[in-house]
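Okay, so here's the structure we're looking at.
A, B, ... follow the sequence lines: proteins, then strands. Residue 1 opens every chain.
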Amino acid sequence: MAEFSIEPLSEDSLLLRFGEGIDARTNARVHQAARILRAAGLASLIDIAPAYATLLVRFDRFAADGEALPATVARVLHTGLRRDGGYAVDSGSTPRTLEMPVCYGGDFGPDLAAVAAHANLAMDEVVARHTAVDYSVAMLGFAPGFPYLLGLDPALQLPRRGSPRTRVPAGSVAIGGAQTGIYPRELPGGWNLVGRTPSVLFDPLRDPPCLLAPGDRVRFRPIDADAFARLAGSRV
Amino acid sequence: MSVAILKPGLLTTPQDLGRRGWTHLGIGRAGAFDTAALRIANALCGNRRGACALEITLLGPTLRFQSEAWIAVTGAPVRLRVDGVEHATWAPIHVPAGSTLELGPIRNGCRSWVAVRGGFDVEPVLGSRSADANARLGPLGGRPLRAGDVLETGSETVPGLCFGPDRRTHRDRTNTASGHPATRWRADPRPWFVDDPNRPLRLLPGRHIDTLAKTSRMHMFSKAFKVNVDSNRAGLRLAGPTLECVAPVEMVSEGCVPGLLQLPPSGQPIAFGPEGPVSGGYPRIGQVAAVDLPRLAQLKPGDTLRFTPCTFDDAVHAFEQRERALIRLEANIAARLSA
């Protein structure tokens with residue numbers, strides 16, 4: 001069976017490593033491990049946070065089962081993976097797919113032209129390719145609710161901008177290298193902005209606060225500026 | 001009971017033990033930079049350990065208490081005056097109704113924690129009353145306190161402790177003779193506040209420590225680093241010898257925790273604080289030992305620091321020892337307060 005490594009990060013956190021680099025297979029393993037650990041309901045576990053190839057585990061060393069937690073995590077994972085029949089098998093959980101409306105280009109996506117020029121494609125072809133894929137949420141990071149999405153068409157890859165913008169509007173859909181993501185709130189950022197969604201990705205007073213969770217699937221649906229205004233106006 | 005902020009000080013925020021269980025959504029811990037100091041301040045007020053206190057930075061606030069209250073201040077030494085009369089830190093202080101609490105400048109260290117009996121009852125966000133200014137998250141949208149803010153106190157107390165009129169009368173009687181209205185006793189700030197700038201911070205080896213060039217690795221533990229002015233609760237940016245990796249480190253973003261020492265391409269490391277990012281993709285050269293995070297909390301721009309290598313086992317041992325000492329101290333304080 002494929003292996004993972006457990007590295008202590010600090011006195012009360014671990015990093016479980018399932019591979020290196022950015023690829024869907026490794027990332028799926030990370031999400032599978034996160035599901036197994038969540039289901040185990042270990043009392044001293046504080047956080048289980050997936051990244052591309054690693055899973056961060058924060059725990060309370062002084063809780064009843066805290067001291068033994070690193071060993072417990074290894075045991076629970078091995079048992080869980082054996083039960084699932086190893087990696088890369090559907091472990092009984094079908095990911096959610098969320099459709100996200102996006103108004104591409106114009107003021108909403110000021111870098112769409114740059115992406116098109118770099119790809120040597122027409123702008124509507126860039127939009128067609130960007131909306132043709134089911135992306136998977138590899139991880140959330142950088143800011144609360146910021147999803148790193150896997151699955152970008154390689155033709156649309158474009159390095160980050162030389163000088164980052166000090167203000168990227170909330171909802172901006174962006175391309176940074178091989179990745180695509182969505183700015184949940186107004187933030188500084190260096191990714192190329194191709195469009196904007198009226199969906200609210202992060203609201204700390206909402207339960208759950210983030211629209212997307214690690215492992216979710218996302219599909220973008222192109223909308224025009226009128227639809228954007230309508231949807232933005234109707235949100236609470 | 002309400003507390004009005006007359007002057008906010010330089011950077012005053014509500015903080016408890018921080019958020020749990022939201023890291024997978026990109027939301028970090030926040031919470032008091034020194035959780036031990038927060039717990040001691042709460043113990044001195046007869047509070048539960050995770051009650052919300054105010055974290056003050058370099059220059060303390062001025063607060064008016066509508067009704068009588070008990071407070072305690074821990075962390076860096078700071079001048080504490082109630083209606084102009086000086087009181088000791090690290091002790092329960094009675095604050096009469098209508099009086100004004102002034103907290104002065106912090107000259108030695110950077111941060112102190114002001115607990116009030118019952119805790120500050122600000123609106124919890126995602127299970128915590130901590131402000132995360134970096135993520136713009138928390139009570140009051142995560143912003144620092146401003147003049148004109150009014151905070152209510154809560155009921156996060158431990159049952160069975162005596163904070164009634166008896167304690168106050170006794171205290172007043174005891175202290176009249178000395179002319180110094182300090183309480184009868186105070187907790188010993190040592191070892192909770194380390195007043196020794198030359199003592200190095202213990203550093204666990206980071207995953208990429210071996211990728212550092214030989215001289216860089218040597219400098220890491222032999223040279224002093226200076227805290228840059230653009231440091232905050234998200235991270236302390238350190239200026240010192242430029243640290244270089246022998247070859248570019250290929251890595252993708254992975255989980256981060258407070259105390260992590262990352263090395264960006266500038267070669268000047270950043271030590272993450274409680275509002276640090278939950279993921280990052282720069283080489284990891286070290287992790288400040290949990291027992292030395294309180295010392296990280298006390299470093300201000302211009303201060304210097306040094307690192308000393310520490311094994312993981314030693315760090316865990318020291319962390320467990322500290323927790324036992326902290327639990328003993330909390331119990332001793334509770335015993336005093338139930339007398």
Side-chain angles (χ1 to χ4, degrees), chain A residues 7-17 19-23 26-27 30-31 34 38 45-58 60-62 66-67 138-148 179 184-187 202 204-215, chain B residues 17-29 123-126 132 134-139 141-142 204-207 250-260 272 277-281 284 286-291 293 310 312-320 322-324 326-327:
Chain A
E7 304 161 14
L9 187 58
S10 68
E11 293 87 336
D12 49 9
S13 64
L14 309 168
L15 216 48
L16 314 186
R17 189 173 302 281
E20 309 280 339
I22 299 178
D23 69 88
T26 304
N27 189 242
V30 173
H31 294 301
R38 263 182 217 291
L45 265 186
I46 295 174
D47 268 299
I48 303 167
Y52 285 115
T54 53
L55 187 62
L56 171 69
V57 172
R58 267 179 71 206
D60 180 355
R61 181 168 279 278
F62 306 115
E67 211 177 325
M139 61 183 286
L140 288 94
F142 168 56
F146 185 103
Y148 289 87
Q179 304 164 80
R185 294 197 284 179
E186 185 182 285
L187 289 160
F202 176 67
L205 303 180
R206 190 172 61 187
D207 184 21
C210 298
L211 200 56
L212 299 174
Chain B
L17 292 172
R19 296 193 169 78
R20 303 162 65 103
W22 299 106
T23 305
H24 64 292
L25 299 181
I27 300 162
R29 193 203 84 185
E123 194 62 40
V125 175
L126 301 177
D132 189 334
N134 191 46
R136 288 175 283 156
L137 178 76
L204 306 175
R207 180 169 175 242
E250 294 291 331
M251 68 172 286
V252 298
S253 199
E254 52 190 53
C256 300
V257 292
L260 184 75
F272 285 176
V278 297
S279 58
R284 290 129 186 267
Q287 172 73 35
V288 176
V291 284
L293 284 179
C310 174
F312 185 75
D313 286 348
D314 286 350
V316 168
H317 181 70
F319 190 38
E320 289 172 344
R322 188 194 76 166
E323 181 65 15
R324 280 194 292 272
L326 192 49
I327 288 171

Task: Step-by-step side chain to side chain contact (heavy atoms under 4.5 Å, CB included) determination, B:V257 to A:L56 - done: CA-CA 9 Å; B:V257 292; A:L56 171 69; 4.1 Å; yes

Proximity breakdown for [X] and chain A, heavy-atom pairs closer than 4.5 Å:
X      : value
B:F319 : both
B:E320 : both
B:V125 : side chain

- [ ] Drop me the distance from A:S13's OG to B:Q287's CD, to the nearest 0.5 angstrom.
- [x] 6.0 Å

Task: B:L25: which of A:P184, A:P209, A:P147 passes side-chain contact (heavy atoms from CB on, under 4.5 Å) - done: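 Going through the options one by one, the only one that passes is A:P209.
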
Using non-hydrogen atoms and a 4.5 Å limit, figure out which bit of [X] sits close to chain B: side chain, backbone, both or neither.
X      : result
A:S10  : both
A:L15  : side chain
A:L212 : backbone
A:F62  : side chain
A:L140 : both
A:F142 : backbone

Task: Best-contacting candidate, A:M139, A:R61, A:E20, A:E67, against chain B by heavy atom pairs under 4.5 angstrom - done: A:R61

Open item on the list: Quick check for you: among A:A51, A:A138, A:A53, which has the greatest number of heavy-atom pairs under 4.5 Å with chain B?
Closed with: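 That would be A:A51.
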
Task: Most chain A-contacting option - heavy-atom pairs closer than 4.5 Å, from B:V291, B:V316, B:D132, B:L260 - done: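 Sorted descending by pairs with chain A, the first entry is B:V316.
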
Task: Selection from B:E123, B:R20, B:R207 maximising heavy-atom pairs under 4.5 Å formed with chain A - done: B:R207

Open item on the list: Using side chain to side chain contact (heavy atoms under 4.5 Å, CB included), reason through B:E254 and A:R17 one step at a time and then give a plain yes or no.
Closed with: CA-CA 10 Å; B:E254 52 190 53; A:R17 189 173 302 281; 3.1 Å; yes

TODO: Determine, step by step, whether A:I46 and B:T23 satisfy the side chain to side chain contact (heavy atoms under 4.5 Å, CB included) criterion, reporting the C-alpha distance in whole Å, the side-chain angles of both residues, the deciding distance to 0.1 Å, and the verdict.
DONE: CA-CA 9 Å; A:I46 295 174; B:T23 305; over 6 Å; no

Task: Under 3.5 Å: donor-acceptor pair, side chain of A:R185, backbone of B:R136 - done: yes

Task: Donor-acceptor contact present, side-chain A:D47 to main-chain B:W22, <3.5 Å - done: yes

TODO: State, to 0.1 Å, how close A:E11 and B:A315 come at their nearest heavy-atom pair, and which atoms those are.
DONE: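 Heavy atoms only, the tightest pair is OE2-CB, 3.4 Å.
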
Task: B:S279 to A:G141 - nearest heavy-atom pair and separation - done: OG-CA, 3.8 Å

- [ ] Kindly determine whether A:F202 and B:L137 satisfy side chain to side chain contact (heavy atoms under 4.5 Å, CB included), including the steps that lead there.
- [x] CA-CA 11 Å; A:F202 176 67; B:L137 178 76; 3.6 Å; yes

